[in-house]
Amino acid sequence: MTVLHNDSNLHTAGNPELQQPAVSQTGIMTVFEHQRLTARDFAYVTDFEWLLAQEFAVFGIKRKRGQWQLQVGHYIGIVHLPSGMVLEILPKRMAATNTPPQRQSPSEQKSTISRTRLWVQRMLADLIASNDSSPQTLPNSKHLGQFGRHAAPLPINALPLSDWLIQQFLQGLTQHPPTKHYQTQIDNQTSLQGRLVIKEQLQRNLLQPHKFVCERSMLSQEMLANRLIKSALEQLSPLLQTSVRFRSIGAQLSTTWQRVSALHNHELTQLATVYQQAKRQLAMQPLHANAMQGAQQLLEMAYWLLRQSSVAGANGIAPPAIKQQPSSLRLCLLLDMNQAFEQWASLRIAALFRRVSTDYQPLFQTQRVWLNDEEGRACLSIRPDLLIYQTPPDSDNDNDNSTHTHHKAKAVTDRAGCYSHVIDIKWKTLANAAAISPSDAYQLASYAQAYQAPQAWLVYPVQDDTQQPKRLRQLPVTEALAHKVPNHATLWLIPFNVNTGAINKGSDLLP
């Protein structure tokens, strides 16, 4: 791996450490979230100029010391550049016990990149599987449902995100050949095949009785789902051609799908409508359950690829009308890292509570009105990332006296339980407990008060198990108020290890 030169203008937002873009021999230029880039960081200056001209929402553009700079936003993903190289954006470095980037050797930098790729792919694989099984639980995962549940196993040496993306798509293609369906076809031919169309026969062949207008049903691969998938395959073809690892597989699959025609320009401008029609058409096919699921997942991924490729801002908004020719479109797949981490940590923590006890019920991003005015109009709503609702143990074996009946009726009135934990998840680094921001602390305390939860967690990412959960004590303003407000919620700072996909658990954190 060749490391480009150091630049004093390159740093992470809020962190003076230098960042060093790296270019691999396979044409992958790896950068990190919040990194600043100049023309000198690119192997081809035309790639930098092209990114400036696109004005992607993911990049901030600044003029500093007489040169243009691109600052990467809070996104991860890949951008296929005009030179054929792939810009890979990985999450920001979380400096814990790691050596600062400017002091790392090339081998250490390569190891850091590989570890980061590995946990990012694990995160995406978890989100993919959850999106397939229960999409209603994660309202912000619309960009993460593009891969099948049975994703390829992660390699020991993590692939670049672009190669991993190709791997998932090719795996879907190998398991799902083009679907065929019967399509009505009317031909004017010299032999009678199928049903004779009398009206058309009289209009067209009155003077040529040797010809017949016939209607017949023929198996065809020209269904919308196949054509949409073929368009996505063509969109990935530049990456397939430059990838030595998948070039031969891609060539074989391209031959299999060669007879399927891609979407034309007008259909690409109405991609959402075409996608809905393709879904309805595919649902009517007589396929087995597993084959239908695989076909639907492949269609989802193809639509996502085409949609992201045409989104000028790459920020998840609805794509504008395509003004470029399809051949000039560039693959641009970017995910909001804040949302991705929140959803991943929510899934993992919810699974932890389920393992502890079946009495815990996780609720993802449940919204409720918190403040009303005097007329009852909603003024402010709150939506914690994760709520844990705890039902009390079954007490049907207790004596059925009047006291028990009263408490049981009250439990039913109180929904037979309570919110035990309210959890907020932040994609930010906390070096120690004193680094918590006032806004985060106020938000956490407000959540705990609104849901009357005895515990409130602030979850943040780390890269090892050095940091352990920290308990924060709420102190009364005066000693006189100490006995009046005895039931403060317990606030916790919870480190989430991205490399293990689990929280660093303390001894008294969970029962």
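Everything numeric here is computed off the predicted structure, so don't read it as measured data.
In terms of heavy-atom proximity, F364 sits nearest to A350 at CZ-CB, 3.8 Å. When all heavy atoms of A456 and L444 are compared, the closest pair comes out as CB-CG, 3.7 Å. For A489 against A453, the heavy-atom pair with the smallest separation is CB-O, 3.3 Å. Taking every heavy atom of both residues into account, K230 and W257 meet most closely at NZ-O, 3.0 Å. For the residue pair T30 and R117, the shortest heavy atom distance occurs at OG1-NH2, 3.3 Å. Across every non-hydrogen atom of M292 and L282, the tightest pair is CE-O, 3.2 Å.
Taking 4.5 Å as the limit, some side-chain heavy atom of I503 sits within range of a side-chain heavy atom of L352. The closest side-chain heavy-atom distance from L363 to Y419 is below 4.5 Å. Contact annotation: the side chain of F42 approaches that of L51 to within less than 4.5 Å [non-hydrogen atoms, C-beta and beyond]. The side-chain heavy atoms of Q167 and L159, taken from C-beta on, include a pair separated by under 4.5 Å. Residues F59 and Q71 are not in side-chain contact: their nearest non-hydrogen atoms beyond the backbone lie 4.5 Å or more apart. R354 is listed as a side-chain neighbour of P362, based on a closest heavy-atom distance under 4.5 Å. Considering only heavy atoms from C-beta on, E88 comes within 4.5 Å of I28 through its side chain. Between Y75 and L335, the closest side-chain pair of non-hydrogen atoms is not below 4.5 Å.
In terms of modelled atom types and a separation under 3.5 Å, the side chain of Q281 and the main chain of L224 share a donor-acceptor contact. The backbone N or O of I494 lies less than 3.5 Å from no partner atom in the side chain of K470, so there is not a single donor-acceptor pair. Checked by atom type and distance alone, the side chain of D424 never pairs as donor or acceptor with a backbone atom of P384 at under 3.5 Å. Remark: side-chain polar atoms of N504 are paired, donor with acceptor, to backbone N or O of D464 under 3.5 angstrom. In this structure, the side chain of S446 engages the main chain of Y442 through a donor-acceptor pair within 3.5 Å. R471 places no side-chain N or O within donor-acceptor distance of the main-chain N or O of W492, the cut-off being under 3.5 Å. A side-chain donor-acceptor contact under 3.5 Å links S231 to the backbone of R227. A donor-acceptor pair under 3.5 Å is formed between the side chain of E33 and the backbone N or O of K92.
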- Show your working on side-chain contact (heavy atoms from CB on, under 4.5 Å) between L472 and I436 and close with a plain yes or no. CA-CA 11 Å; L472 304 180; I436 185 173; 4.2 Å; yes
- Message: Apply side-chain hydrogen bond (donor to acceptor under 3.5 Å, both in side chains) to residues R115 and S111 and explain how you reach the verdict.
- Response: CA-CA 6 Å; R115 289 196 305 269; S111 177; 2.8 Å; yes
- Task: Let me see the working for Y460 and W427 under ring pair (Phe, Tyr, Trp, His ring centres under 6.0 Å), right down to the final yes or no.
- Result: CA-CA 6 Å; Y460 63 97; W427 175 243; over 10 Å; no
- Message: Go through it in stages, so that I can follow the logic: the residues are L81 and F48, the test is side-chain contact (heavy atoms from CB on, under 4.5 Å), and I'd like the CA-CA distance, side-chain angles, deciding distance and then a yes or no.
- Response: CA-CA 9 Å; L81 301 173; F48 178 76; over 6 Å; no
- May I have the step-by-step check of side-chain contact (heavy atoms from CB on, under 4.5 Å) for R122 and L118, ending in yes or no? CA-CA 6 Å; R122 183 179 293 113; L118 190 62; 4.1 Å; yes
- What's the verdict on side-chain contact (heavy atoms from CB on, under 4.5 Å) for Q121 and L161, showing C-alpha distance, side-chain angles and the deciding distance? CA-CA 8 Å; Q121 292 167 17; L161 292 183; 3.9 Å; yes
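Using bins of under 30°, 30° to 60° and over 60° for the plane-to-plane angle, the ring pair W50/F56 lands in the perpendicular bin.
To the nearest 0.5 Å, atom CE of residue M123 and atom CZ of residue R348 are 11.5 Å apart. In this structure, the separation between CG on L458 and NZ on K428 is 7.5 Å, given to the nearest 0.5 Å. Separating the CD atom in Q293 from the CG atom in L298 is a distance of 12.5 Å, to the nearest 0.5 Å. Taking CD1 from I78 and CD1 from I76, the interatomic distance works out to 11.0 Å, rounded to the nearest 0.5 Å. The line from OH of Y360 to CG of L387 is 14.0 Å long, rounded to the nearest 0.5 Å. Atom-to-atom distance recorded for F353:CZ and L386:CG is 7.5 Å, nearest 0.5 angstrom.
By the 6.0 Å contact criterion, CG on N290 is open, its count of non-hydrogen atoms from other residues, nucleotides or ligands being 12 or less.
Checked for salt-bridge contact, K426 and E342 miss the test: no charged N lies under 4.0 Å from a carboxylate O.
For the 3.5 Å distance criterion, the side chains of S83 and D47 qualify, holding a donor opposite an acceptor. For the residue pair W457/Q455, the side-chain donor-acceptor check at 3.5 Å is satisfied.
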